[in-house]
Number of protein chains: 2
Amino acid sequence: MSDQTQRRDANEISKSILQTTESLFSKYGVENVSMHQIAKAANVGQGTMYRRYANKGELCLELMSENFHCLQVKTLQSLAELKSKPVKERMLALLKLHLNFLEKHAQLFETIHSFITCTNNAKPFYEKAPYIFFHQTICSLLEEASEKKEARPINADFTAHTLIASMNPKIYNFLRQKSGYSAKEVIENFNKTLLEPLFIEKR
Amino acid sequence: MSDQTQRRDANEISKSILQTTESLFSKYGVENVSMHQIAKAANVGQGTMYRRYANKGELCLELMSENFHCLQVKTLQSLAELKSKPVKERMLALLKLHLNFLEKHAQLFETIHSFITCTNNAKPFYEKAPYIFFHQTICSLLEEASEKKEARPINADFTAHTLIASMNPKIYNFLRQKSGYSAKEVIENFNKTLLEPLFIEKR
DNA sequence: TTGACAAGCGGACAATTGTCCGTTAATATT
DNA sequence: AATATTAACGGACAATTGTCCGCTTGTCAA
């Protein structure tokens, strides 16, 4: 090749890998692209790939990191804006943001989830930054609701985990594609089934 | 080898594979045993293995089939016995049976779930008999509850899917091992968080 | 400018999953 | 009993993931 990229060009290489990945993914679909393929297309050895991204899931996660960050910012903004509203309303806003995100990045998200969930040696998804942030956010909302007697007395930590579990990409895609629910219906049903019942009606 | 097993001995071979699998699994752990290893130990070619079990998940599922059947029978029995009780009580019984089952077969169950969930070509878990049975059972209970006005007006099909999703083996093992909840606490919290809120209090 | 050092590249390798096809052996037919 | 038929066995192969180590190539010191 013309340009030998080394030490100093580490950033260039990273960018090149990510760009190549993105292009191959959109061309052939996430599932049909192998790490070797990417390495070859990006003019990089497998070793280099794997030193940077321990597995395909990590690579996808990196690809998504910008999106995750964006979601996180939006979430914090939205919650700040609604600060004075009841917790129930804020939870619904959070749900909507998250499910819209899922809808938008369905395929990539499912791949990430699969690889990270299924690879034995990989750090479990529960220890990844996006999960922790989401869990924390839900947790503090639920705790606030408990304190203010807006919600039933529940274990916030536990509830947050199960809520997230019921919104995982696999089940989401299944509901959307196989069961035929529209994106809007999914949000509505989640709200009716999992959120509203947690809160106490005021009159 | 001494005895050549063929056509007529198909059953023998199946049994031999399953026995070998069980023995290797309990010796080295489910994760550390490969399909080739099993084939070799059972004096069988890979082709034979894969013709019977499309992947490791299917093999595990077969290993568990007896247990699943047993759970199914217990479930039907239990529900029949409680037929006259409120739906809420029956749902709790169902939850307990299922979570006890999860507790007992945690490792194998997680492997099945992983392989079936993650392998692209595999039939998704949602189309497997055990899932369908469980979903159906929950569905009809929820529908009954709706009709009798014991529960809030919810979409039974949707709710059943999300309830099952929140009880998947991964999250269960995480809650038990990493988060430090006891088996009993998990059941209690599930009940408080996901079941009770669905039902309407009578007075 | 030259030599030592170390960061890190990249391809060869091992392990595993899953497929394919030539061969084997059990049953049926005469 | 011999031959044809066909189910199905089993090993060789391809594909993919992830690891390891020799070699390249910058950097720093004298």
Would A:Glu103 and A:Tyr172 count as having a side-chain donor-acceptor pair, cut-off 3.5 Å? yes
List the residues meeting side chain to side chain contact (heavy atoms under 4.5 Å, CB included) with A:Lys83, not counting sequence neighbours, and say none if there are none. none
Starting at atom CD of B:Glu58, determine the distance to atom C1' of C:dG18, rounded to an integer number of angstrom. 13 Å
Which nucleotide sits closest to the side chain of A:Gln46: D:dC9, D:dT19, D:dA12? D:dT19
Which of these nucleotides, C:dG8, C:dC13, D:dC9, is closest to any side-chain atom of A:Arg51? C:dG8
Below 4.5 Å, heavy atoms only, C-beta onward: do A:Thr75 and A:Phe134 meet side chain to side chain? no
Measure the distance from CD1 on B:Ile38 to P on D:dG10 and round it to the nearest whole Å. 15 Å
Can you tell me the distance, in whole Å, between the CE atom of A:Met49 and the C1' atom of C:dG11? 14 Å
Which residues share a side chain to side chain contact (heavy atoms under 4.5 Å, CB included) with A:Ala39, sequence neighbours left out: A:Met49
Partners of B:Lys178 by salt bridge (charged side-chain N to carboxylate O under 4.0 Å, His left out), sequence neighbours excluded? A:Glu127
Atom CD1 of B:Ile17 to atom P of D:dG10: distance rounded to whole Å? 9 Å
May I have the distance from A:Tyr53 (atom OH) to D:dT17 (atom C1'), rounded to whole angstrom? 18 Å
To the nearest Å, give me how far apart CG (A:Asn43) and P (C:dC9) are. 14 Å
At 10 degrees resolution, what angle do the end axes of the helix from C:dT1-D:dA30 to C:dT30-D:dA1 form when each is taken over five base pairs? 10°
Taking only the side-chain heavy atoms of A:Ser34 (C-beta and beyond), determine which of C:dT17, D:dT17, C:dG10 contains the nearest atom. D:dT17
Spacing between A:Leu59 atom CG and D:dG18 atom P, to the nearest angstrom: 11 Å
For the side chain of B:Thr48, starting at C-beta, report the closest nucleotide among C:dT17, C:dG10, D:dC9. D:dC9
Within less than 4.0 Å of OP1 or OP2 of C:dC9, is there a side-chain N or O belonging to A:Arg52? yes
When A:Gly47 and A:Gln37 are each assigned the nearest nucleotide of DNA chain D, the 5'-most assignment goes to A:Gln37
Residues forming a salt bridge (charged side-chain N to carboxylate O under 4.0 Å, His left out) with A:Arg152, sequence neighbours excluded: B:Glu201
Under the side chain to side chain contact (heavy atoms under 4.5 Å, CB included) rule, collect the residues that match up with A:Ser65, sequence neighbours excluded. A:Glu62
Interatomic distance, B:His36 NE2 vs C:dA14 C1' [rounded to whole Å]: 13 Å
Candidate nucleotides C:dG10, D:dG18, C:dT16, ranked by approach to the side chain of A:Tyr50 - the nearest: D:dG18
